[in-house]
Protein chains: 2
Amino acid sequence: MITTSKTKKDVVTEFRTSEILEAARKVFAKKGFHDATVDDIANAAGVAKGTVYLYYRSKQEVYLAALKFGIAQMYSALVEEVRRVSTTEEKLRALIAAKLAYFEENRDFFKIYYFELGKIPTHPGTIDSEFKSLYLDQARLVESILKEGSRKKAIRNLRTDQAAFAISDLIRGVVTQRVLGWTKSKISQDVEFIFDLIWKGIAAQ
Amino acid sequence: MITTSKTKKDVVTEFRTSEILEAARKVFAKKGFHDATVDDIANAAGVAKGTVYLYYRSKQEVYLAALKFGIAQMYSALVEEVRRVSTTEEKLRALIAAKLAYFEENRDFFKIYYFELGKIPTHPGTIDSEFKSLYLDQARLVESILKEGSRKKAIRNLRTDQAAFAISDLIRGVVTQRVLGWTKSKISQDVEFIFDLIWKGIAAQ
DNA sequence: CCCGCAGGACTGACTATTCAGTCAGTCTAC
DNA sequence: GTAGACTGACTGAATAGTCAGTCCTGCGGG
């Protein structure tokens, strides 16, 4: 049956796609966009170079696919963790903890996310803006928490949009240090400390 | 006279070196380490490719020199601005303002500083650690401000080392957003907002 | 149940290009 | 006249992307 065979093909395609994506993520994280060769990725995925080009049109396309997959996955993880709790305070703490935890389990991803982005050949206004909007999703998540806190009078009167960016930035900075391996403190300590700093900065009164 | 000729040679060397460095900085910032060619740099500096190799042994060496020069210059600028004022509050605000101002005047430098670092071919424990120590210099500058504030009872009781990292990170994150062009707010606004957030988070009581 | 064949998934040697780095030769300043 | 600063054509290596050919799978007829 046509439908069945199509489905089967789809399954294979999906399998190969994710297999290559997984390999690409590791290789890109280890070597960076330029030093990673398509042969490296193919080897890591256990296929020949030509096969990579059956599923992706270029090295750049593989890279972007790996990156987008990771960002989307992380965003879901953050939303999920924030949903689990109810007060503004808990939500903020959960967000920070979730991001650091996600980092801990996906160090390779963050390496390409933070250091490769903006390095790949791109025509202004296309790829860039796509990632910008993914970044903005996260800032909006923070802002929604702050807005709710503002309504509930849990946090002081401030510009939630600016504060959302500042908090996102702080978290980004902290994670960056970890990506570079320039900090050795325990993650749980970091979470508490950062949260404490932010909370004192924004809490009501 | 030998001395005179040596000095003259030194002057020429210094001129060429800084000429190439300046060109390298622009080219690397625009194209990134890999896409920037030595010919690009030579052209931008108005010399032939061979000349670049008279002053630097490799493309990587040019890159590292440009980067180190920029970091050292920025650090001096920060220290200078912080010296100008006396209270902890002023010092912190001055630090934030100085970094953002330096960024505004050296966008190209930050682009290579934030996005290229950790991407260049490096043997673990050599180059990396050199930049780490340059980074730590800045964190230590923040920490010295905090420690003084702590002694003066201007800020609450907290781990100044951790707080110094957090504040450095926050600033780093904010600047990163600007490097990527993902924020349009006025710098002066940002300075006030970030300072306010930090200050509320660390001020005494 | 077996055989053979068609379509397409897969391969990897090959091509075309891009550059880092070299070096034989030129030019210039003294 | 010469030392050495400077040049830029050249080489060798690396690698993105291609494509002619192989292999595997599943199906239809004997």
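Below, each value reflects all heavy atoms present in this structure, side chains not excepted, and no hydrogens, waters or symmetry copies. Values in this document were obtained by computation on a predicted structure and should not be read as measured data. Just so it is clear: chains get the letters A, B, ... in the order the sequence lines come, proteins before strands, and each one is counted from 1.
- Ring geometry for F109(A) against Y102(A) counts as perpendicular: the plane angle is over 60°, on a 0 to 90° scale with 30° as the lower cut.
- Between F28(A) and F33(A), the ring planes are parallel. Angles under 30° get that label, and only those over 60° would be called perpendicular.
- For the 3.5 Å distance criterion, the side chains of E90(A) and T87(A) qualify, holding a donor opposite an acceptor.
- Rounded to whole Å, atom C1' of dT15(D) lies 8 Å from atom NZ of K59(A).
- Within the 4.0 angstrom heavy-atom criterion, only backbone atoms of the sugar-phosphate kind lie near A36(B); the bases stay farther away.
- By the 30° and 60° cut-offs, the orientation of the rings of Y114(A) relative to F110(A) is perpendicular.
- Remark: R16(B) is in phosphate contact with dC6(D), judged by side-chain N or O atoms under 4.0 Å from OP1 or OP2.
- Nearest to the side chain of V38(A), among dA16(D), dG21(C), dT7(D), sits dA16(D).
- Atom C1' of nucleotide dG17(D) and atom CD1 of I41(A) are separated by 13 Å, given to the nearest angstrom.
- Atom OH of Y56(A) and atom P of dA9(C) are 16 Å apart (whole Å).
- dG17(D) atom P lies 15 Å from atom OH of Y63(A), rounded to whole Å.
- For Y53(A), the listed nucleotide lying nearest its side chain is dG17(D); candidates were dG12(C), dC19(C), dG17(D).
- Here the C1' atom of nucleotide dA16(D) and the CG atom of D35(B) are 13 Å apart, to the nearest Å.
- Listed nucleotides: dG17(D), dT11(C), dA5(D). Nearest to the side chain of L54(B): dA5(D).
- In this structure, CD of E19(A) is placed 15 Å from P of dA9(C), rounded to the nearest angstrom.
- For E61(B) and dA20(C), the CD to C1' distance is 14 Å, given to the nearest whole Å.
- Proximity of Y55(B) to the phosphate of dA5(D): no side-chain N or O atom is located under 4.0 Å from OP1 or OP2.
- The side chain of T37(A) contributes no N or O atom lying less than 4.0 Å from OP1 or OP2 of dT15(D).
- Between K49(A) and dG12(C), a side-chain N or O to OP1/OP2 separation shorter than 4.0 Å is absent.
- More than 12 heavy atoms of other residues, nucleotides or ligands sit less than 6.0 Å from atom OH of Y55(A).
- One interatomic measurement links the two molecules: CG of D39(A) to P of dC14(C), which rounds to 14 Å at whole-angstrom precision.
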